[in-house]
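Quick notes on the structure that follows.
Values below: every heavy atom of this structure, side chains too, minus hydrogens, waters and symmetry copies.
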Amino acid sequence: MTTLLQRVKSKMAVFAHRKARGMLDGEYGSVFRGRSLDFDDLRAYVPGDEVRDIDWKATARHGSPLIKRYVAVRRQTVLLITDTGRNMAAVAQGGETKKDIAVMALGVLGYLAHRHGDVVGLVSGDSSGTRTLPAKGGEAHLEWLLRHVHAHASEDAAGSSIEEQLEHVARTVKGRHLLFVVADEIAANPELDRLLRRLRVQHEILWLTIRDADLASAAEWYGVDDSSPLLSHLASSPAVAAAYTQAAAERDAGRKNMLRRAGITEGSVAGTHDVITALFALLERHRRAG
């Protein structure tokens, strides 16, 4: 049986040749600014690398630009934070369930961390509570984390509330870590704004939003709360469709502004097919923002 991590690794292999994968690794490595590093080896320069990392003497001997690669002296801790409430059982913009997209995104970032020798933990849950799986290394551990998310995000779960998981992290997590948050299109509110500012003081934070299905389309939609029809025939009304589109845009703008004020870099994804490109862009924006 194909494991969830094998699916992640297959997606990464299909996505990119070795040079592009090296760029993705490089973007991940830039997240932990200021950590203690030791020189590892040299590799060919690729667009997006820091000019300050060029080894000019080796470049002169080789005839083309070479970049110094470093490894962390000590492991870093990456916390995967995601909603496993019933919202994640809903269909996303690309037609897949949100939990499948979340598992792919968490798997890619977790696998990058594993390749860099970092340890990975999980904080997940819903409005009824939060579960924490400790940070460890190894592919078997990462597979366990992904299976936990896949098993708990269902229509039978309690309602979604990523605020519960973030509040749990703020109360219980000590030290400075990388928080990778995967959630659906949440709305901004003052309490969440304050919580995110508090977390950002302590941690590096990357945020990936899974895009909702377009309920203004003519498809037949059903709510994950009670399987009731969502009256998709209303989408045939131009006024209703326009009002829905405007409300969705205002919600997106509010969330983006809230995250920007907190100093958190956000990306978005519609399906598993664009997870890796979205993560690459997210890591690159985070590096440039720093």
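Taking every heavy atom of both residues into account, Gly159 and Asp126 meet most closely at O-CB, 3.2 Å.
Taking 4.0 Å as the cut-off between side-chain N and carboxylate O, Arg261 and Asp193 count as a salt-bridged pair. Using a cut-off of 4.0 Å between Lys/Arg side-chain N and Asp/Glu carboxylate O, Glu266 and Arg285 are scored as not salt-bridged. Between Lys98 and Asp83 there is no salt bridge, since no side-chain N of the basic residue sits under 4.0 Å from a carboxylate O of the acidic one.
Inter-residue side-chain proximity for His286 and Leu206 is flagged as met; some heavy-atom pair is nearer than 4.5 Å. Side-chain contact between Gln76 and His177: absent, with no pair of heavy atoms (C-beta onward) separated by less than 4.5 Å.
Under 3.5 Å, the side chains of Thr272 and Glu96 contain a donor-acceptor pair of N or O atoms. Under the 3.5 Å distance criterion, with hydrogens and angles disregarded, a donor-acceptor pair is assigned to the side chains of Thr132 and His168.
Listed by chain and number, the residues in a side chain to side chain contact (heavy atoms under 4.5 Å, CB included) with Ala58 are Leu42, Asp55, Arg61, Leu66 (sequence neighbours excluded). Not counting sequence neighbours, the partners of Ala153 by the side chain to side chain contact (heavy atoms under 4.5 Å, CB included) test are Thr84, Met88, Lys99. In this structure, Gln202 has no side chain to side chain donor-acceptor pair (under 3.5 Å) partners at least two apart in sequence or on a different chain. Partners of Glu185 according to the side chain to side chain donor-acceptor pair (under 3.5 Å) rule, which considers only residues two or more places apart in sequence or in another chain, are Arg211, Arg251.
Residue Val181 shares its hydrophobic cluster (ILVMFWY side chains chained together at separations under 4.5 Å) with Leu79, Ile81, Val123, Ile162, Leu166, Val169, Val173, Leu179, Ile186, Leu192, Leu195, Leu196, Leu199, Ile205, Trp207, Met258, Leu259, Ile264.
Applying the ring-ring contact (aromatic ring centres under 6.0 Å, His included) test to residues at least two apart or on different chains, the pairs with a partner in residues 122-146 are His141-Trp144.
Leu146 and Leu133 end up in the same hydrophobic cluster when Ile, Leu, Val, Met, Phe, Trp and Tyr side chains are linked at under 4.5 Å.
The side-chain contact (heavy atoms from CB on, under 4.5 Å) test with Val149 singles out one residue from Val182, Leu122, Leu4, and that residue is Leu122.
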